[in-house]
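Below, read A as the first sequence line, B as the second, and so on, with proteins coming before strands; counting in each chain starts at 1. Remember, predicted model here, so these are calculated numbers, not experimental data.
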Amino acid sequence: MKNITDSFVSLGHWPFAGSFGFNTDILATNLINLSVVLGVLIFFGKGVLSDLLDNRRQRILSTIRNSEELRRGALEQLEKARARLRKVEMEADEYRVNGYSEIEREKMNLINATYENLERLENYKNETLHFEQQRAINQVRQRVFQQALQGALGTLNNCLNSELHFRTISANIGMLGAMKEITD
Amino acid sequence: MNVILCSSNMLKGLYDISGVEVGQHLYWQIGGFQVHAQVLITSWVVIAILLGSVTVAVRNPQTIPTNGQNFFEYVLEFIRDLSKTQIGEEYGPWVPFIGTMFLFIFVSNWSGALLPWKLIELPHGELAAPTNDINTTVALALPTSVAYFYAGLTKKGLGYFGKYIQPTPILLPINILEDFTKPLSLSFRLFGNILADELVVVVLVSLVPLVVPIPVMFLGLFTSGIQALIFATLAAAYIGESMEGHH
């Protein structure tokens with residue numbers, strides 16, 4: 001009985017004064033089983049793992065390629081848009097320059113035309129003035145002439161007798177004869 | 001008596017072969033604390049593996065990832081997906097936390113299942129996955145509790161505690177209890193699974209050293225991965241739960 005307790009006690013007091021060392025017992029260290037397990041694990045695990053990693057790598061590669069393509073497309077579009085912008089800006093510049101020059105020209109034309117119109121109007125005015133003046137002078141002249149004639153006629157009607165009549169006629173005849181001589 | 005002696009001798013012999021040691025630890029004394037040295041050593045190895053692979057992965061980053069970088073980016077994507085599905089839209093700040101949990105637990109578990117730790121003999125105890133010590137799993141579960149409290153408090157302020165009386169105030173004790181059971185279940189689940197896993201392998205190895213343990217070892221690998229995933233998913237789910245509005 002004591003032996004049993006001893007043996008169990010000795011279980012409790014396992015080599016106390018030992019130190020670190022190597023256990024060279026192959027069976028006790030379970031080396032063979034461990035190597036088998038490791039071997040099987042590596043044999044099967046390697047395929048699975050490399051498949052997994054390959055898939056992941058391919059996925060990353062395709063993602064990168066896709067994004068590169070997207071980037072390239074976006075860059076192309078950007079380039080296109082820039083080219084269009086440049087073209088449109090150039091056109092706008094052209095239009096602006098053209099428009100300015102057109103406007104300048106139009107302005108000059110307008111000013112010139114207005115000057116011409118003004119001048120013409122001035123001329124008209126002057127002419128009209130002149131004409132009116134002329135007419136007024138003519139009217140005055142006619143009036144004066146008429147009045148003179150009337151005066152003369154009145155005088156004639158008042159003071160005409162046969163002797164004066166005769167004298168006048170003869171004077172006129174003489175005058176006409178003189179005029180005829182002069183013209184001949 | 002003879003039979004008993006014989007059996008005890010056999011037991012001793014069996015014990016020598018198997019070297020099953022549960023509850024045996026190599027103790028170091030650090031500043032008044034007794035620490036489990038074998039856990040620290042294996043944790044350091046795990047940390048070294050993680051840091052080393054990270055440095056290798058980020059040493060020469062390329063636009064189109066090559067093997068190592070590809071693999072680690074895949075892992076990162078996986079963790080981000082996990083956090084996103086569990087936490088929701090504001091998962092960003094929690095990816096490092098969830099990722100650390102997942103990677104550390106996963107590498108710990110798999111190192112316990114794949115690395116030949118028993119080649120190295122300790123004076124006391126033996127090397128195994130860091131997660132088969134309850135201290136490690138508690139140390140992983142407590143920050144998770146702190147994390148979801150922090151997440152809830154920063155998101156909702158003191159209104160976070162309103163969830164304790166949701167949907168009815170009768171559930172207050174249960175809701176409070178939940179805060180204690182969460183880290184408990186997290187740590188015990190991980191610890192129990194990994195410990196049981198390694199124990200089964202060790203016991204089987206001690207009985208039949210060859211071939212027979214292999215399926216169990218594969219099962220162990222599977223369980224280890226699943227446990228890491230479960231821990232990370234639950235941590236993320238707790239954080240997400242404390243951040244979302246009441247439903």
Show your reasoning for whether side chain to side chain contact (heavy atoms under 4.5 Å, CB included) applies to B/Trp110 and A/Leu41. CA-CA 12 Å; B/Trp110 272 44; A/Leu41 203 67; 3.6 Å; yes

Top contributor to chain B contacts, counting heavy-atom pairs under 4.5 Å, from A/Leu61, A/Val37, A/Leu49, A/Leu38: A/Val37

Measure the OH-CG distance between B/Tyr74 and A/Leu53 for me, rounded to the nearest 0.5 Å. 8.0 Å

Please classify the contact between B/Val201 and chain A as side chain, backbone, both or neither, with a heavy-atom cut-off of under 4.5 Å. side chain

B/Phe218 and A/Val40: CA distance, side-chain angles, deciding distance, side chain to side chain contact (heavy atoms under 4.5 Å, CB included) verdict: CA-CA 10 Å; B/Phe218 276 113; A/Val40 171; 3.4 Å; yes

With rounding to the nearest 0.5 Å, note down the distance linking CG in A/Leu34 to CD1 in B/Ile214. 9.5 Å

A/Asn33 side chain vs B/Pro209 backbone, donor-acceptor pair below 3.5 Å: yes

Side chain, backbone, both or neither: which part of B/Leu204 has a heavy atom under 4.5 Å from chain A? neither

Would you say A/Glu91 has more than 12 foreign heavy atoms packed within less than 6.0 Å of its CD? yes

Part of B/Leu221 lying under 4.5 Å from any heavy atom of chain A: side chain

When you look at CZ of B/Arg80, are more than 12 heavy atoms from neighbouring residues, nucleotides or ligands closer to it than 6.0 Å? no

The interface call for A/Ile64 against chain B, heavy-atom contacts under 4.5 Å, is side chain

Closer than 4.0 angstrom, basic N to acidic O: yes or no for A/Arg59 and B/Glu73? no

